[in-house]
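I have placed the structure first, in the form of structure tokens, so that the comments after it can refer back to it.
What you see below is based on every heavy atom in this structure, not just the backbone, and it leaves out hydrogens, waters and symmetry mates. The structure displayed is predicted, hence computed values, not measured ones.
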Amino acid sequence: MAFHHVAVATRDTEANHRFYTEATGFELVKVEVAKTPEGGWAKHLFYQTGDDGEMIAFWELHDDTLPKPAPTAISTDLGLPIWINHIAFHAADM
């Protein structure tokens, strides 16, 4: 079974976009906007990370039922050390 994408929430869509397009060279290939089950809305942004369709995606959340600000630190917000949960990419050079 092929890998499709990993999705995580973000608090700063513009900063994420600059990093993933300028620093990594990933291309924004798809954006979906939809209502959330709780009554808000969300934007789902997909960036191409590989030649075989692999992607990383970010959720921009607009939902009043979520805590403000929404916890998005994938380790420390769970009480874990910062190095536990992470996403790693292979890079040929700096």
Side-chain angles (χ1 to χ4, degrees):
M1 183 175 298
F3 175 81
H4 187 264
H5 75 275
V6 169
V8 294
T10 182
R11 288 189 195 160
D12 192 338
T13 301
E14 290 180 23
N16 272 353
H17 180 74
R18 281 193 309 275
F19 176 78
Y20 283 100
T21 57
E22 294 173 16
T24 67
F26 296 164
E27 180 184 357
L28 178 64
V29 294
K30 184 177 182 180
V31 176
E32 295 179 350
V33 178
K35 292 181 180 180
T36 63
E38 294 79 16
W41 65 278
K43 187 184 293 184
H44 205 189
L45 301 101
F46 295 83
Y47 293 84
Q48 188 82 34
T49 63
D51 294 332
D52 293 327
E54 302 93 348
M55 293 180 275
I56 187 169
F58 296 93
W59 285 107
E60 176 185 309
L61 303 169
H62 300 272
D63 191 322
D64 291 336
T65 65
L66 298 173
K68 300 291 187 234
T72 59
I74 62 175
S75 284
T76 57
D77 282 339
L78 296 172
L80 298 169
I82 195 167
W83 51 268
I84 296 291
N85 294 308
H86 63 278
I87 298 168
F89 299 97
H90 178 266
D93 57 47
M94 290 297 285

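The distance from atom NZ of K68 to atom CG of L61, rounded to the nearest 0.5 Å, is 8.0 Å. Atom CG of L45 and atom NZ of K30 lie 11.5 Å apart (nearest 0.5 Å). Remark: T49 OG1 to Y20 OH distance equals 10.0 Å, nearest 0.5 Å.
Here the side chains of T72 and V8 are not in contact, with every heavy-atom distance at 4.5 Å or above. I84 is not listed as a side-chain neighbour of H86, based on a closest heavy-atom distance of 4.5 Å or more. Inter-residue side-chain proximity for F89 and F26 is flagged as met; some heavy-atom pair is nearer than 4.5 Å. Taking 4.5 Å as the limit, every side-chain heavy atom of H5 sits out of range of all side-chain heavy atoms of E54.
Heavy-atom contacts from other residues, nucleotides or ligands closer than 6.0 Å to CD of E38 number more than 12. Enclosure of atom CD1 in I82 is not indicated, since only 12 or fewer non-hydrogen atoms of other residues, nucleotides or ligands lie within 6.0 angstrom.
The minimum heavy-atom distance linking I74 with N85 is given by the pair O-ND2, 2.8 Å. Here the closest non-hydrogen pair linking W41 and T36 is C-CG2, 3.7 Å. When all heavy atoms of P81 and S75 are compared, the pair lying nearest together is O-CB, 3.2 Å.
Under the 4.5 Å side-chain heavy-atom criterion for ILVMFWY residues, a single connected hydrophobic cluster contains both L28 and F19. Cluster membership check: F46 does not share its hydrophobic cluster with I87, using side-chain heavy-atom separations under 4.5 Å among Ile, Leu, Val, Met, Phe, Trp and Tyr.
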So T21 and E27, side-chain contact (heavy atoms from CB on, under 4.5 Å) or not? Walk me through it.
CA-CA 6 Å; T21 57; E27 180 184 357; over 6 Å; no
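In this structure, the ring of F58 has its center no less than 6.0 angstrom from the ring center of H44.
Shown here are the side-chain hydrogen bond (donor to acceptor under 3.5 Å, both in side chains) partners of E60, two or more places apart in sequence or in another chain: T13, H62.
Checked by atom type, the side-chain pair Y47/H17 shows a donor-acceptor distance below 3.5 Å. Side chains of T65 and D63: a donor on one and an acceptor on the other come within 3.5 Å.
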